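Notes to accompany the following structure.
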Protein chains: 2
Amino acid sequence: MTDTEITTPSDTTADEVDEVVARAARAAAAWKTAALADRAAALDAVADALDAAADALVPIAQRETHLAEARLRGELRRTTFQLRLFGSVVREGAWIGARIDHADPDWPMGAPRPDLRRQLESLGAVLVFAASNFPFAFSVAGGDTASALAAGSAVVVKAHGGHPELSAATTDVVAGGLRSAGAPDGLFQTIYGTDAGVRALRAPEIRAAAFTGSITGGRALFDIATSREVPIPFFGELGSVNPAFVTRSAAEGDAAGIAAGFLASVTGSAGQLCTKPGLLFAPAGSPMIRELEDSGLPDGGPLLNAGIAAGFAASLERVRVHAGVEEVASGSADAGPAPTLLRTTAGAVLADTHALTSEIFGPAALVAEYDDERQLIDVASRIEGQLTATIVGSDDDAIAADLLAALADRAGRVLWNQWPTGVSVTYAQQHGGPYPATTASSSTSVGTAAIERFVRPVAYQNVPDALLPPALQEANPLGIPRLVDGELRG
Amino acid sequence: MTDTEITTPSDTTADEVDEVVARAARAAAAWKTAALADRAAALDAVADALDAAADALVPIAQRETHLAEARLRGELRRTTFQLRLFGSVVREGAWIGARIDHADPDWPMGAPRPDLRRQLESLGAVLVFAASNFPFAFSVAGGDTASALAAGSAVVVKAHGGHPELSAATTDVVAGGLRSAGAPDGLFQTIYGTDAGVRALRAPEIRAAAFTGSITGGRALFDIATSREVPIPFFGELGSVNPAFVTRSAAEGDAAGIAAGFLASVTGSAGQLCTKPGLLFAPAGSPMIRELEDSGLPDGGPLLNAGIAAGFAASLERVRVHAGVEEVASGSADAGPAPTLLRTTAGAVLADTHALTSEIFGPAALVAEYDDERQLIDVASRIEGQLTATIVGSDDDAIAADLLAALADRAGRVLWNQWPTGVSVTYAQQHGGPYPATTASSSTSVGTAAIERFVRPVAYQNVPDALLPPALQEANPLGIPRLVDGELRG
């Protein structure tokens, strides 16, 4: 890395895109049937290469994104952890979903059951649209790339324009790691420019796409993906206001602690997180409200780029001028857009739900005062799909069970007395909720289940053992968990 | 049943559709959290009610579809078996995909891991478009309905116009079974008419749709589902030519047996099966070809309805007049469209793949002679997505491994020395392949995995045990398999 000359990459041409996707399709055919151990080793090699390049990559990221060094080093650690975690998932093999039904002449359906064996197999080459706000964890070498490589797919990344030099530098590191592990040529490639991304999305060789970004941009790409002659799955993580609901009893408890936790979650990374809680409901006139107004907001700092700053200003202004909304606190605007707290009522949110539950990407939030806890249920049943929803409550709150059920119907992750930012990469994580939070609510873009996006089931009927994929051979040579004649065998 | 007066239902009005979907949404909210045992018992009750009504239902089906009594009785047995199988799957609980990550302060990501618990939960109310060719197994009480009810969804069925009286009668039986089991009012409803189906598909209360039918009709509905303000998943099973490939060595073996098996699969149920093998590749000049030409085709019989008969005639004619295609055999047309065998060459198929691999729904097939076995790989890599693909071969065929791999990339199910019709309902079944075979190749509409279409994951973070859904409570009160801290616990 240190001796690599860094240049801003130019937009990928149409011809280049066509070559890239053709190469990706060839690599995918080879990678799909590569041994699981080889696939895992390649993910480890990429992680090692990225760790070794940290001192070169982080300064580029700082310069291009204005994020703090500590945050970026932490994010890179998360990114390499994620790659290794997918490596361990690939080795373990449960994700293959192997199912074996032996032939059964007495199958009670009324006809003999043939020998059927089913596993999940890679879709082929996939396209990943990188995000701006996590230049490592949701970008070139992020979770989409890691899970797609783990699934046996070749990856074409459409780099985000917000950090082009980092994208190019990261691409070199990832490609080097894969090369050192003996992965097929063309398994991982990066393209640049909006037109290149759209052309790749329309290419027959591309079998699925993943995206993290705005509702407008994501919906436009979703529409392209689904209107192709051969439609493809589009896993878009679009946006979310991530509402939080403070019950009356909680607001009368540690009001200062709740307010501090909320504001830290709102303003961390300058509010540029997809799980930022942008809307908080608290009892009207409660100590909670006063704490929020009095607690003081931090100084503003530079946002990721000029586009994000303009979008923040515009979306904040739309809510600020809404009838029934007033500004109650703001931080310094000397070094960047001022962190801002707005206030309204639950009644106003119910009266104009779409406008007052729209995401403001950046350091701002809206506090809605409620008179009656039942209003929280009304809000929960009316809001659009969310990545997360948070309850701050007490175990004996009468409303807790109903509110939890209503929120589980609208969000991918429901939290209790914790804040939604800082999405942990784990086995049980779910980062994806009903539209518009995501375009595919049955999927997650964070956590080990993210691998499921890039595979599809294939059943083999009456195929000789020697011709079967290893996961389905009778002797279970991979030693993976399988469903055999309907029973789970660990 | 026997004292029910049978009438042809009239089209459901727009107002009625709105009431139906509103009722379905209310029922879905209750059913989603119903005890698994209650859900399973309801499926059993529906199966029992259908079995008890067989003598009333089958004659209506015979009259409306022209299918034989034995076939229909077998299909009804398959249908009730399917309902009970989903009941057993619901009870067993693995489908919930429960995952528990305990809090871990030392999680190597670089930040503490919170307590996270994830399960699959019903999407809500769903819409099922019934098919014409299986008036029981893919219609009102078919696999889509069974798997959706199992998943905890409310079901609105759009009845197929080909068997309206049977649809109404079946609806009464299903609703009666559910009522006797104490299921919520509105859990299962049927609507009639194309406009009613489209209106329901656009209704905000409908969270997913399933369909079995033609490519044209399915694509039109897919486009509506994905272009909604809130797009919904559309699980469409559209069509497939289901190619079969006879290797040279196989064709030189039991040519008569292969020919007989193929023709039986082509003409069973008058060829009106979505897995009918409509295209067979055999070595040019082999005994196989002569056997096919000489074996004689059965007499034609009435097709399902006038629309199917017209579609059959038109699609058969399109292929028959294609340059390089000739008719080689046909059965009697006295009682219905003549079963027909056409012949062409593998070269012609490669030269105009789309035209010569299009589905002819009905009792016809195209035999393509090849000169070189490698042409089979070329065909396999060029064909559109398929529900099934079949190899008739010998274990030591040099081409077997490559052909199997190429077909696994294009089909949902690959068979070896068996024919694809007669889709068994099992744990490992996969009925769904790349577009246009289906609009969602990651799903199946037959087999126990069909339940996965109607659920989405929800994660609960730091939620008190008493507030968690039973599947995620620490003590595992349902006794289901779960992934705990990354390890499978049976």
Side-chain angles (χ1 to χ4, degrees), chain A residues 33 74 77-78 81 94 99-101 107-111 113-114 116-118 121 222 226 230-231 233 395 400-401 404-405 408-409 412-418 422 424-430 435 439 441-442 444 449 455-464 466-467 481 483 486 488 490, chain B residues 33 74 77-78 81 94 99-101 107-111 113-114 116-118 121 124 222 226 230-231 233 395 400-401 404-405 408 412-418 422 424-430 435 439 441-442 444 449 455-464 466-467 481 483 486 488 490:
Chain A
T33 54
R77 185 165 59 235
R78 169 205 174 101
F81 164 78
R99 297 175 172 215
I100 295 177
D101 293 332
W107 188 232
M109 187 177 104
R113 183 174 81 182
L116 276 166
R117 294 161 190 250
R118 181 186 200 257
E121 302 190 358
F222 170 84
T226 53
V230 174
D395 292 22
L404 194 75
D409 191 60
R413 177 164 55 112
V414 185
L415 301 93
W416 179 267
N417 291 345
Q418 290 187 348
S424 194
V425 180
T426 82
Y427 307 100
Q429 185 57 275
Q430 172 58 26
Y435 187 90
T439 55
S441 72
S442 60
T444 181
V455 291
R456 70 175 177 89
V458 178
Y460 296 85
Q461 181 172 329
N462 195 42
V463 172
L467 286 173
L483 191 74
L488 202 55
Chain B
T33 54
R77 184 165 59 234
R78 169 206 174 100
F81 165 77
R99 296 176 171 214
I100 294 177
D101 293 332
W107 188 232
M109 187 178 105
R113 183 175 81 182
L116 276 166
R117 293 160 190 251
R118 182 186 199 257
E121 302 190 358
F222 171 83
T226 53
V230 173
D395 292 21
L404 194 74
R413 177 163 55 112
V414 186
L415 301 92
W416 179 268
N417 290 346
Q418 289 186 347
S424 194
V425 180
T426 82
Y427 307 101
Q429 185 57 275
Q430 173 58 27
Y435 187 91
T439 56
S441 72
S442 61
T444 180
V455 291
R456 70 175 176 89
V458 178
Y460 296 85
Q461 181 173 327
N462 196 41
V463 171
L467 286 173
L483 191 74
L488 203 55

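Bear in mind the structure is a predicted one, so any value in this text is a computation, not a measurement. Lettering of chains follows the sequences in order, A, B, ..., and the numbering in each one begins at 1.
Put simply, of A/Gly74, A/Pro457, A/Pro114, the one with the most heavy-atom pairs under 4.5 Å next to chain B is A/Pro457. When A/Val425, A/Asp395, A/Thr33 are compared by the number of non-hydrogen pairs under 4.5 Å with chain B, A/Val425 comes out ahead. The candidate from B/Leu404, B/Asp101, B/Ile100 with the greatest count of non-hydrogen atom pairs under 4.5 Å with chain A is B/Asp101. Per-residue counts of heavy-atom pairs under 4.5 Å with chain A were compared for B/Val463, B/Thr426, B/Leu488, B/Val230; the largest is that of B/Thr426. Among B/Ala405, B/Pro481, B/Ala449, the residue with the largest count of heavy-atom pairs under 4.5 Å with chain A is B/Ala449. Chain B forms more heavy-atom pairs under 4.5 Å with one residue of A/Pro464, A/Gly422, A/Ser442 than with any other, namely A/Pro464. The candidate with the highest count of non-hydrogen atom pairs below 4.5 Å against chain B, out of A/Val455, A/Leu467, A/Thr444, is A/Leu467. Contacts with chain B were tallied for A/Thr439, A/Asn417, A/Leu116; A/Leu116 has the most, counting heavy-atom pairs under 4.5 Å. Interface summary for chain A: among B/Ala94, B/Pro108, B/Gly110, the most heavy-atom pairs under 4.5 angstrom belong to B/Pro108.
Heavy atoms of A/Glu121 lying under 4.5 Å from chain B belong exclusively to its side chain. Interface remark: A/Ala466 contributes no atoms to any contact with chain B (heavy atom separation under 4.5 Å). Neither the backbone nor the side chain of B/Pro233 comes within contact range of chain A; no heavy atom of the residue lies under 4.5 Å from a heavy atom of that chain. No part of A/Ala111 comes within reach of chain B, as not one of its non-hydrogen atoms sits under 4.5 angstrom from that chain. Proximity to chain B is limited to the side chain of A/Leu483, based on heavy atoms less than 4.5 angstrom apart. Within the 4.5 angstrom heavy-atom criterion, atoms from both the backbone and the side chain of A/Tyr427 approach chain B. A/Ala408 touches chain B through backbone and side chain together, each having a heavy atom under 4.5 Å away.
Pairing each heavy atom of B/Arg456 with each of A/Gly412, the nearest pair is NH1-CA, 4.0 Å.
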Trace of the side-chain contact (heavy atoms from CB on, under 4.5 Å) decision for A/Thr226 with B/Phe222
CA-CA 9 Å; A/Thr226 53; B/Phe222 171 83; 4.2 Å; yes
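Using a 4.5 Å cut-off on side-chain heavy atoms (C-beta onward), A/Phe81 and B/Trp107 make contact.
For B/Arg413 and A/Gln461, the side-chain atoms include at least one donor-acceptor pair closer than 3.5 Å.
Put simply, the side chain of A/Arg118 gets close to the backbone of B/Gln429: a donor and an acceptor are under 3.5 Å apart.
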